[in-house]
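Structure record follows, encoded as structure tokens.
Just so we're on the same page: letters track the sequence lines, and every chain starts at 1.
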Amino acid sequence: MFRYCLLFVIFFILSIDTSYAHGFGGSGFLHPLTGIDHLFAMVAVGLWSAQIGGRAVYLVPSCFLFMMAVGGIVGFQEIQLSNVEFMIALSVLLLGLAIFLNKKSSIVLAGLGVAIFGFFHGYAHGAEIPNTLNHIEYMIGFLVTTLGLHIIGAVSGLLILEKRKGSTTLRFSGLTIFVIGVYLTILKI
Amino acid sequence: MRLNNKWSPYHFERKRGISNMENARLTSLLTVVSSTITLSVMLFITIGSGIAIEYGLISLLALIGWLKFSYKSTPSQTNTLPKYILGIVLIVALNTVRYTADFSQFVYLNYNQWFTESFTLNHMQWFVWMVCLPVSLLLFGGYYLSKRQTVGYFFAWWGFIYFTIESLIQLQVELGNYSSYNHVYYLGLILAMLLFYISVSGILKLIKPKEEEQKIEDYQPLTKKQKNLWSLLLVTFVVVYAVTLYTQAGPLPVGVIVGSMMGGMIGWRKTTSNIPADPYKLVPLYLLLQALFYIHVGEEVLTHFNRGIASISGHPWSDVEFDYVITFLGPIFWVFGAYSLWKRQVFGNFILWFMIVGMILGEPTHFLVFPIVRMVKEGIGYEYFSGMYTALFPMIPAILGLIIIVKDHKKHKKAINNV
């Protein structure tokens, strides 16, 4: 268990480093990778969908992606929304909690939940677009990276569940994400 | 019946064996003593008293511990090596945080008196002397330790004491009254505590080694589903990494690195995904490869590889982006690969293949691609290109590793066919 802890700590630290540098350089591809909140939420969506199983593996991340695109468009329009950063941090917390609790969730409910969070993640991406960039290219960039993170989360989840104590390990991963979510939420209050 | 008196051939052979072992130990001891004295004096003259005292003190303590506890009998490396490798992973992670916090500037401003007048501590000097040098030494030490050689245990002592001292320095910086230090969410503090834990437990393991060998985890052959899931995970990771690198460095490095990753994945699927590589044979070579490769990275930092690539590709690649991706974040995963390889995990076996393909096919580009592209583009002669002088050395363990993997794979295949 120590090595999982270690990996999470290093992962956490690395993502904070890059977000601290805030160096997504205006590229849509890099934006989801350079913020710890986006990174953990997107991987958590994949993990949770693997935990629910069945069609959720692709339906739940699809809901997130779709609403992220919608949120991105709203962000491009410069429509003002409040508490966006707080909602994003809260998404990490709640997704971690959902994985940790491991309650049998319906695909519709899970899809609806992640869709709400996806909207706020997308809005944050859209609102931070540099003036010089093409909107479509930028959006394709962040959606491709988000899809990659969902796949990494979902496949990792499925691989963890293949192990003998996989269910417990997955719940432990959820707990770690939850703790990070609590930390991020406190920072945003 | 064997004659077991002092005139029997067996008696002479046994004595000769003992004498050879003593000679080997003495050779190790003399090499260690002369090398550490030379290193400390060189650092004292070139950089200053601070680093010379630190390295000298660590070497002295390591020598005492080694001679007292690990010199006469070499315990099994299975109890020490995993912690040692994790320690290296943590020290590179700690240095990543330090890089973000501008540690070199902080040290130079606060402890100027510890440096010689002619020496200025900038980021590059800090990386070469305080990151690249100790990490390369530790990786070389890992090679000897994983081969269970006497001198390997000196490196184990040196490594764990070095980790302890570095973690204490970081704790002092984080908790001391320094207004000029950028704490970066106190991440250095978390890492320093983890490093301290690893180093102290490592020292305790060296003082009281367990008699029985810790069992290396048995492997469960991957099912077809698991193999495909792993492949999907690796391909996704490669694509995300490729996109990231492309946006930062342009197409040239992406071709080399992503080509190596995909080649590595094919190699992994064909061989070690079925039966993991033998850690006793491959981990020493892998750690040697990493040591030689990190020295190569040091040369690239010193001679600005990123600027060289930018000049031929026309795609700017900043020093900061290069430092993060190639000198800090990459090595964390590569060195962790050694731990994972030792535990016979999929990640380690994939990284092993990635490194082998990368060193054999990717590194010769320093000779065969980059300088030639520059010749064509800039109309100059065949000249030095950043990283050239050290690019080929990591190929040696990579080729040896490849031979072992292929031989083992053929042997296993033959055994399965016979059954």
Less than 4.5 Å to any heavy atom of chain A: does that hold for the side chain of Thr223(B), its backbone, both, or neither?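 Thr223(B) touches chain A through side-chain heavy atoms alone.
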
Heavy atoms from other residues, nucleotides or ligands near [atom1] of [X] exceed 12 (cutoff 6.0 Å):
X: Tyr99(B); atom1: OH; answer: yes
X: Gln77(A); atom1: CD; answer: yes
X: Phe106(B); atom1: CZ; answer: yes

Are there residues of residues 99-108 of chain A whose heavy atoms fall under 4.5 Å of chain B's heavy atoms? If so, which?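 Listed by number, there are no contacting residues, so the answer is none.
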
Which atoms of Leu147(A) approach chain B - backbone, side chain, both or neither, heavy atom under 4.5 Å: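 Leu147(A) has no heavy atom closer than 4.5 Å to chain B.
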
Could you grab the distance from atom CG of Leu232(B) to atom CG of Leu159(A), nearest 0.5 Å is fine?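 It comes to 9.0 Å.
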
Is any side-chain heavy atom of Val155(A) closer than 4.5 Å to one of Thr236(B)?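 A side-chain contact under 4.5 Å is absent here.
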
Quick check: closest heavy atoms across Gly148(A) and Val240(B), and the distance to 0.1 Å?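 Nearest heavy atoms, Gly148(A) then Val240(B): CA-CG2, 3.9 Å.
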
